[in-house]
Amino acid sequence: MKLEGKRVLVVEDEPEMRRFLRAALGSHGLEIVEAATLGAATREVTSRSFDLVLLDLGLPDGDGLALAAELRGFTGVPIIVLSARRREDDKVQALDAGADDYLTKPFGMNELLARMRVALRHAERAARAPEPAVEHFGPLSLDRARRRVEVSGREIRLTPTEYRMLGLLADHAGRVLTHRQIAQGVWGESRTVEAHHVRVHMALLRKKLEASPARPRLLLTEPGVGYRLCEPDLETRAELPRSTDPHPEE
Amino acid sequence: MLEAAPRPGDPLHVLAERGSVPLESPEHAVARWVLEHGRPAGAGTDTLPGARLRCLPLGTGAEPLAVLGLAAPDAQAAPAPERDFVEAFLRQASLALERAHLADEAKAAALQARTEQLRSSLLSAVSHDLRTPLAVITGAATALRDDTAAIRPAERVELVDTICVEAHRLERLVGNILDMTRLESGTLQVKREWVPVDELVGAALTRLESELESRPITTELPDELPLLSVDPVLFEQLLVNVLDNAARYTPAASAIDLRARTENGAVVLEIADRGPGLPPGAENKIFEKFVRGPGNTERGAGLGLAICRAIAESHGGRIEAENREGGGATFRIRMPELELGPSEASARAEASRGAPP
């Protein structure tokens, strides 16, 4: 997914944060429009279209979540929340309100760019025609036409619940889905399904799909928030150089 | 009747009563007057002589610690031996009260001193540990900005890497300080949910991917492990801190073994390394605040394991460490196994049948 030429709205009240984003994203050929308040952001989104919105939650004139909800009323533009709030409840709220992803400050540039690519790819895919016949996620392949799931070429038998869960995560590959979103997507709106139902089925799905379920590579947990099916863009998470300190002995 | 004022905000407190004297208002008023003025009052004195009790101040200082109420038909007319007895009793009671009072004060002072010491060691640990990475970041960033210097590409990479490493260190430190503060202030809510053990372990290992990448890691998590009733975010933090600690104190390529089992109504999680082990006597000390392993040049506030203990205890569990047979250290987390509710049990049953709901 190319980032060049995409128009991004940066909603952020901290001038230094905007300055850093402007420089870093600008160097990737993105067109940056800045808004320091909720009011300014609302004016921007109603006057022109954007390919992506980076949204800070704590704004001087209100909560960024209000903008997310408003945007969802008329557009599917991807929203990535950037927030200093570390509480998982805030993440769940942002995702349930329609944000596509959530990054906690401080974050690395590679991480942000990877999430932006995933979000843009999704928006493009949603606007386009149906999924390709067979989708691939690392060693996992999902053939929806034949309802067939393979890991490294070996067929895996899933229960209907597990299959629906995998399909849902694949629909949103690379994005975190909250426990509630998964419960509704798999069991439907009408049934009350608690988080531990989702967890237990996820544990079984992992046992079938992961080479080592305790070190998952495909079905990743965001503690207290939900799950994410890994997409190749997000696999290169480690961007910190290894510490050069020689490790001392105890 | 004996009334004392041992605690601030609770000036009049009935410790003991004797006989049939009702402790109602007139006597209370007299006692309160004596407590405030430090002079006898009530029956047989010039102050409020109409009261039924004669109230005498107890204590050796200017401010009485308590008031003794004497109910005698006529206190002045009592025979000398009885008056002597009462006076001796007053002196002894005053001394005893004074001693008890001083002991309380000493205890409070000691507690205060400990709190102060804690605060100052937090301050000194934190200010040093915050300033060092900041100093490195500032230095490296200004070096990069310096137009007059001819920085070679390799040096440039070095400076930029340093900034990233130190910023990461700072982030971890600030996170630890925030966690510790929240845990200690009691404002943290433990939001229990039923979570499979492998999910918690998997999340922790994923988070530490880059720190652990060079190591062989074995996990032994039996299928029949019960669900844990824990706060998933806090418990993952606990595991991350123990694993991160192992990663920092043991040789880079040494193994870490993680296994779980049930034992006497508890779920026991063991994280064992092949590092140098614990110095004798350090088994408990390492869980205290601001305690760092010997020879640790990795800067940190010494809060990681203290946070582990606080999290384990906030769940009614505990964490302990010991040296491992054959070398290394074992950290053992013991969580009480709670009875599954019907809903959790059915989720498990339904899932293990593999049937559609």
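Computed from a prediction, not measured in an experiment: that's the story for all the values here. Below, read A as the first sequence line, B as the second, and so on, with proteins coming before strands; counting in each chain starts at 1.
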Side-chain heavy atoms of B/Asp198 within contact of A/Lys207, under 4.5 Å: yes

A/Glu194 vs B/Glu193 side-chain heavy atoms within contact, under 4.5 Å: no

Residues, nucleotides or ligands: over 12 heavy atoms within 6.0 Å of B/Arg261 CZ: yes

Under 4.5 Å from any heavy atom of chain B - which part of A/Tyr227: side chain

The single option from A/Glu88, A/Glu222, A/Arg87 passing side chain to side chain contact (heavy atoms under 4.5 Å, CB included) against B/Val233: A/Glu88

Note, A/Arg217 side chain near B/Glu209 side chain (heavy atom, < 4.5 Å): yes

B/Asn284, CG: over 12 other non-hydrogen atoms inside 6.0 angstrom: no

Check against side chain to side chain contact (heavy atoms under 4.5 Å, CB included), B/Leu227 and A/Arg199: CA-CA 10 Å; B/Leu227 299 181; A/Arg199 290 202 163 93; over 6 Å; no

Exercise: identify the closest heavy-atom pair between A/Pro216 and B/Gly202: CD-CA, 3.7 Å

Shortest non-hydrogen contact between A/Ala214 and B/Leu205, atoms and distance: O-CD1, 3.3 Å

Region of B/Glu236 in contact with chain A, defined by heavy-atom distances below 4.5 Å: side chain

Nearest-0.5 Å distance, CZ of residue B/Arg207 to OG1 of residue A/Thr221: 12.0 Å

For B/Ala203 against A/Pro223, the heavy-atom pair lying closest together: CB-CG, 3.8 Å

